[in-house]
Engineer: 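Input: one structure, supplied below.
Numbers for residues simply follow the sequence, beginning at 1.
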Amino acid sequence: MTTESNTNDTRSTLNLPDTPFPMRGDLPKREPGWVKEWNEGGLYKRLRDARHGAPLFVLHDGPPYANGKLHIGHALNKVLKDMIVKSKQLSGFDAQYIPGWDCHGLPIENAIEKLHGRKLSRDAMQAKSRAFATEQIGQQREDFKRLGVLGDWERPYRTMDPANEAGQLRAFKRVVERGFVYRGLKPVYWCFDCGSSLAEFEIEYADKQSDTLDVAFETDDGARLAQAFGLAALPAGKSAFAVIWTTTAWTIPANQALNAHPELSYALVETPMGCLVLAETLVEACLQRFGLEGQVLATVAGKALGGLNFRHPLFDADAGYRRLSPVFLAEYVSDSDGTGIVHSSPAYGVDDFNSCIANGISYDQILNPVQGNGTYAADWPLFGGQHIWKAIPEVLAALKGAGRLMATKTITHSYPHCWRHKTPVIYRAAAQWFVRMDEGEGVFTTDKAGKTLRQLALEAIDHTAFYPENGKARLRDMIANRPDWCISRQRSWGVPVPFFLHKDSGELHPRTLAIMDQAADIVEAGGIEAWSRVTVEDILGAEDAPHYTKSTDILEVWFDSGSTFQHVLRGSHLNAYDRPPFHSEGPEADLYLEGHDQHRGWFHSSLLLGCALYDRAPYKGLLTHGFATDGQGRKMSKSLGNTVEPQSVTSKLGAEIVRLWVASTDYSGDLNIDDKILARVVDGYRRIRNTLRFLMANTSDFDAATDLVPVEQMLEIDRYALARASQLQADILAHFDAYEFHPVVSKLQVYCSEDLGAFYLDVLKDRLYTTAPKSLARRSAQTALWHITNAMLRWMAPFLSFTAEEAWAIFAPGKTTGSIFTETFWPLSTPDEALLAKWGRIREIRDVVNKDIEAVRTAGQVGASLQATLVITVGGDDAALLRSLGTDLKYVTITSAVEVVEGEALSVTVTPSTATKCERCWHYADDVGSHAGHAGLCGRCVSNLHGAGETRTVA
């Protein structure tokens with residue numbers, strides 16, 4: 001018989017939850033252990049084994065530069081990739097991820113020059129660059145692993161690996177064969193800090209201060225000018241001037257022509273300083289700017305001015321400028337601002353260059369005094385040896401001294417800058433190798449493409465999926481309007497342009513295609529360094545060697561990264577991808593993912609090379625994300641002190657918090673991060689972890705092999721909980737398929753707090769704790785929780801990877817694979833819509849009930865809700881709904897007694913119970929103490945402990 005003393009010891013009779021899964025994650029201390037276990041245990045290989053033969057999913061990694069420690073943008077990018085790969089893995093795909101690094105190019109050369117100076121030999125630069133990149137990769141790789149990113153870290157791809165360098169050369173050869181490559185003298189973006197040309201993708205725009213200037217070019221034949229305007233002569237004693245307006249004073253010394261629009265109307269305006277030729281619509285504004293008064297003598301269409309000659313504005317200042325500037329007719333001239341006449345220095349502007357070439361100026365006649373370092377040639381008159389930016393005041397002074405400076409003003413305007421150095425760039429004519437976008441002849445064409453590269457690329461865009469969709473218009477606009485791609489650079493650390501040019505004609509050696517194959521073989525055996533050591537005689541032989549020069553150019557780095565699909569997916573890592581080689585059925589990569597700036601970078605160059613090689617893009621889909629910014633949306637910078645280092649967050653809060661921040665933020669825009677935002681992320685993490693802990697604690701004594709209750713035998717509320725989980729899973733998997741994560745996190749948090757915490761688990765506690773341990777009522781609840789835990793661990797695993805893995809080791813210790821990532825999403829039955837609708841309405845009524853109970857409780861009339869008895873007045877349909885729950889309705893409302901009354905509108909009457917509180921279940925019941933030997937217990941608890949147990953049907 002139970003004594004009075006141990007009757008009071010009721011806590012030990014409850015099924016209290018227990019789990020080794022701790023409430024505190026202690027993430028900074030525990031996560032490194034998981035990283036170590038994943039690496040030492042070969043988890044990535046185990047994942048591949050688990051999916052052998054499954055459909056393949058390939059996210060091809062856009063290689064970060066092997067230069068500098070990781071910043072929060074790197075973390076954002078790699079975590080987002082990792083979440084997608086893991087979600088695909090859990091969806092049943094063989095989701096492979098080969099991480100890569102971009103190893104050549106200027107950023108690494110700059111780092112070496114800072115460490116060792118600028119006078120290194122080519123061999124020394126290459127050796128030090130390779131060593132530096134190797135060291136940087138080692139550091140970055142450990143940081144990526146620490147973030148929980150799973151991949152083939154033991155065998156990443158590196159663009160500096162000899163096999164990849166050789167693969168790039170073979171891809172280059174194919175682009176040549178298809179007729180896309182040519183050599184030309186053209187103005188290209190030039191960075192003085194880089195000492196090299198830049199591609200369109202390497203340019204960004206920023207504000208710059210410039211001096212505007214209006215400059216007068218005196219006519220060389222006044223009679224001819226007068227005749228062009230239909231005048232017998234110019235006014236007596238007057239000379240005449242064509243006036244130009246520019247923001248690039250440094251280009252004036254290289255002027256070679258003037259441009260006028262053939263259809264614009266031009267006026268000859270008499271002023272005190274002489275007659276001025278100006279666009280008719282701009283006369284008033286120009287005279288005001290010049291501080292002059294004047295009258296229009298005559299007007300003519302611009303075509304009448306074609307062929308007239310004007311003198312360089314410094315014609316009389318130095319004999320070196322005694323040359324004439326002819327007027328050419330050009331459609332690009334406008335009268336929207338300036339003077340309607342454009343001065344032309346063909347070496348420093350694309351339109352100017354095209355106009356001069358079209359009008360008969362030959363390549364060797366083009367003046368190009370600005371050197372690669374930004375200085376005028378030493379022997380250039382007046383300004384020799386000066387840097388162009390510093391020479392601008394000297395140019396203005398010389399023009400003013402010559403009486404040719406009409407006006408000047410300082411303005412701030414948008415101007416192209418180097419993407420890397422953030423310094424202003426110029427257009428500068430240089431002999432370069434180009435990939436042609438439109439019709440034209442290439443060098444050594446043997447298999448000409450049927451369409452232009454622009455046509456192929458635009459068609460490929462139409463067959464590409466974009467996430468978000470607005471990326472399509474952005475990339476299309478860039479391709480539609482981009483110039484030819486300058487692919488050569490004048491640097492040392494990169495894949496060589498393996499060409500030999502005739503010293504007199506400039507023509508390529510006739511064996512160029514065979515030489516390219518030879519170069520690829522040499523590089524594959526010994527890296528680019530081996531090609532650097534090759535002499536002209538080694539390749540061409542003694543007879544041809546004296547007549548040819550070996551090119552020292554390298555392929556620009558966007559060619560490196562843009563061609564990785566070719567020599568990684570089809571070359572160095574081909575055996576990692578168990579699928580047919582690249583063929584007509586479609587692209588090799590399912591997805592490319594980078595920041596939205598890569599529309600003009602990696603996405604762009606990869607698209608062009610995919611089309612140049614195979615007439616299509618190398619990807620099925622493009623996903624872009626925004627940049628990491630501070631809490632106010634400002635770009636991070638050291639000067640502002642608003643940077644957030646992933647290493648710091650990881651060491652203080654855990655990588656899991658970085659991952660959850662990425663997952664919970666809409667990546668289609670910029671992603672704000674600061675301490676306050678991270679604190680909210682931590683709160684969200686705790687909510688999920690605590691829910692997970694409750695689920696695991698209450699299934700700790702549940703063995704699915706023996707205790708699982710068939711769905712048809714489960715209590716109704718448990719079947720509803722599974723239907724709700726199934727409904728949520730359908731939403732979550734749809735989001736994963738669309739590469740969306742922030743809605744998943746939001747819905748998961750709402751599910752934990754509202755569906756589970758505020759409703760189902762709240763209702764369930766009484767049944768879990770007070771019914772017999774092996775009763776149908778308890779096992780039914782545990783069955784639901786077991787299914788929900790199985791599903792929830794998989795939902796969260798892509799982003800809360802460490803937590804899911806930690807919980808999985810406890811929840812499913814018998815699994816031989818030992819990792820959640822070898823699993824697939826949990827198979828839940830199709831949602832029961834009728835059950836969802838029924839319980840949706842019950843929950844609405846329950847919310848009203850809870851508010852009324854809370855009001856009475858706040859007034860001090862009842863304590864806990866179990867002290868309350870209810871009378872719920874509802875309409876007929878709702879009354880039938882509530883009555884269908886029988887006596888289990890009180891468990892749904894968590895009260896001790898409920899009466900349902902039919903009425904017009906929903907109302908609730910709350911009164912304190914007059915019954916006695918059971919010291920075990922805390923319900924108020926009239927039969928408490930009425931059972932011999934169990935003075936403090938109600939009949940329900942006595943039955944659950946010592947009898948047949950209570951019967952539950954609904955809740």
Side-chain angles (χ1 to χ4, degrees), residues 106 109-110 112-114 117-122 125 185-198 202-203 206 208-213 215 246-256 312-314 317-323 343-350 352-353 356 363-402 404-405 408 410 415-432 486 488-492 552-554:
L106 199 63
E109 280 203 41
N110 282 342
I112 298 303
E113 287 177 351
K114 288 178 182 177
R118 289 197 164 203
K119 295 184 179 181
L120 291 174
S121 68
R122 195 177 190 90
M125 174 60 76
L185 179 73
K186 273 190 174 183
V188 293
Y189 285 118
W190 190 278
C191 173
F192 302 136
D193 293 291
C194 296
S196 179
S197 58
L198 301 181
E202 299 172 292
I203 297 301
K208 176 183 179 294
Q209 278 198 339
S210 296
D211 293 297
T212 69
L213 55 159
V215 181
T246 184
T247 61
T248 55
W250 60 270
T251 63
I252 293 292
N255 172 270
Q256 291 185 263
H312 191 284
L314 299 176
D318 188 281
Y321 294 102
R322 290 187 181 275
R323 60 178 183 269
H343 106 88
S344 179
S345 295
Y348 308 120
V350 175
D352 297 348
F353 179 87
C356 286
Y363 288 156
D364 57 6
Q365 290 176 315
I366 290 176
L367 302 176
N368 192 5
V370 180
Q371 307 301 292
N373 62 1
T375 63
Y376 291 108
D379 59 352
W380 197 254
L382 298 181
F383 313 109
Q386 297 186 53
H387 195 283
I388 62 167
W389 304 134
K390 295 180 179 179
I392 287 174
E394 303 295 327
V395 173
L396 292 172
L399 291 170
K400 186 175 182 180
R404 298 294 180 260
L405 184 62
T408 184
T410 301
Y415 189 87
H417 285 64
C418 173
W419 193 0
R420 299 181 183 90
H421 291 100
K422 313 302 179 185
T423 51
V425 299
I426 67 167
Y427 271 113
R428 178 173 179 266
Q432 301 284 359
C486 177
S488 51
R489 295 291 181 271
Q490 292 67 53
R491 306 296 297 188
S492 301
T552 58
D553 288 349
I554 63 169

Engineer: On a heavy-atom basis, which atom in Y321 and which in L314 lie closest, and how many Å separate them?
Structural biologist: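 Closest pair (atom of Y321, atom of L314, distance): CB-O, 3.3 Å.
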Engineer: Looking at L367 and Q256, what are the two nearest heavy atoms and their distance?
Structural biologist: N-OE1, 2.9 Å
Engineer: A430 and L185: which non-hydrogen atoms are nearest, and at how many Å?
Structural biologist: C-CD1, 3.4 Å
Engineer: Could you walk me through whether Y376 and V370 pass the side chain to side chain contact (heavy atoms under 4.5 Å, CB included) test, one step at a time?
Structural biologist: CA-CA 4 Å; Y376 291 108; V370 180; 4.1 Å; yes
Engineer: Go through the steps for T408 and K400 under the test side chain to side chain contact (heavy atoms under 4.5 Å, CB included), then give the verdict.
Structural biologist: CA-CA 10 Å; T408 184; K400 186 175 182 180; over 6 Å; no
Engineer: Taking T247 for its side chain and T212 for its backbone only, find out whether a donor-acceptor pair lies under 3.5 Å.
Structural biologist: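 A pair under 3.5 Å: no.
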Engineer: Going from CZ on R118 to CG on N110, what distance comes out if it is rounded to the nearest 0.5 angstrom?
Structural biologist: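 The CG atom of N110 is 7.0 Å from CZ of R118, to the nearest 0.5 Å.
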Engineer: NE2/H312 to CZ/R404 distance, rounded to the nearest 0.5 angstrom?
Structural biologist: 11.5 Å
Engineer: Can you confirm whether C418 sits close enough to C194 that some side-chain heavy atom of one is under 4.5 Å from a side-chain heavy atom of the other?
Structural biologist: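 Side chain of C418 against side chain of C194, heavy atoms only: contact under 4.5 Å found.
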Engineer: Going by side-chain contact (heavy atoms from CB on, under 4.5 Å), L106 matches just one of E202, R489, H421. Which one?
Structural biologist: H421
Engineer: Applying side chain to side chain contact (heavy atoms under 4.5 Å, CB included), can you list everything that pairs with N368, at least two apart in sequence or on another chain?
Structural biologist: A347, Y348, R428, A429
Engineer: Parallel, tilted or perpendicular: which fits the ring planes of W389 and H387, with parallel below 30° and perpendicular above 60°?
Structural biologist: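 Ring orientation of W389 relative to H387: tilted.
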Engineer: Under 4.5 Å between any side-chain heavy atoms of T423 and C191, yes or no?
Structural biologist: yes
Engineer: Taking side chain to side chain contact (heavy atoms under 4.5 Å, CB included) as the test, write out the residues that go with Q490, two or more places apart.
Structural biologist: W190, S196, S197, Q432, S488, D553
Engineer: What distance separates M125 CE from L120 CG, expressed to the nearest 0.5 Å?
Structural biologist: 5.0 Å
Engineer: Examine distances only and state if a side-chain atom of Y415 and a backbone atom of V425 form a donor-acceptor pair shorter than 3.5 Å.
Structural biologist: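 Checked: pair present.
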Engineer: Backbone N or O of N255 within a donor-acceptor pair of the R323 side chain at under 3.5 Å?
Structural biologist: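 It does hold such a pair.
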Engineer: Could you state the interatomic distance from CH2 (W380) to CG (D318), rounded to the nearest 0.5 Å?
Structural biologist: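 The distance works out to 10.5 Å.
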Engineer: Which heavy-atom pair separates G320 from P381 by the least distance, and what is that distance?
Structural biologist: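 Scanning both residues, the minimum pair turns out to be CA-CG, 3.9 Å.
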Engineer: What verdict does the side chain to side chain donor-acceptor pair (under 3.5 Å) test give for D211 and T410, after you've listed the backbone C-alpha separation in whole Å, the side-chain angles of each residue and the deciding distance to 0.1 Å?
Structural biologist: CA-CA 4 Å; D211 293 297; T410 301; 3.0 Å; yes
Engineer: Please report the shortest heavy-atom distance between A249 and V395, naming the atom on each side.
Structural biologist: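 Smallest interatomic distance, heavy atoms only, reads O-CG1, 3.4 Å.
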Engineer: Got a second to check how far T248's OG1 is from H343's NE2, nearest 0.5 Å?
Structural biologist: 4.5 Å
Engineer: Rounded at 0.5 Å granularity, tell me how far CG in L198 sits from SG in C486.
Structural biologist: 9.0 Å
Engineer: Which heavy atom in L382 sits nearest to a heavy atom in A317, and how many Å separate them?
Structural biologist: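 It is CD1-CB, 4.4 Å.
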Engineer: Do F192 and I426 make a side-chain contact, defined as non-hydrogen atoms from C-beta onward lying under 4.5 Å apart?
Structural biologist: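 Yes, at least one pair of side-chain atoms sits under 4.5 Å.
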Engineer: With heavy-atom distances below 4.5 Å as the criterion, would you say the side chains of T251 and Y427 are in contact?
Structural biologist: no
Engineer: Tell me whether K114 at atom NZ has more than 12 heavy atoms from other residues, nucleotides or ligands lying less than 6.0 Å away.
Structural biologist: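 No, the 6.0 Å shell around NZ holds no more than 12 heavy atoms from other groups.
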Engineer: In chain order, what residues pass the salt bridge (Lys or Arg N to Asp or Glu O under 4.0 Å) check against R491, with sequence neighbours excluded?
Structural biologist: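 Per chain and number, R491 pairs via salt bridge (Lys or Arg N to Asp or Glu O under 4.0 Å) with E109, E113.
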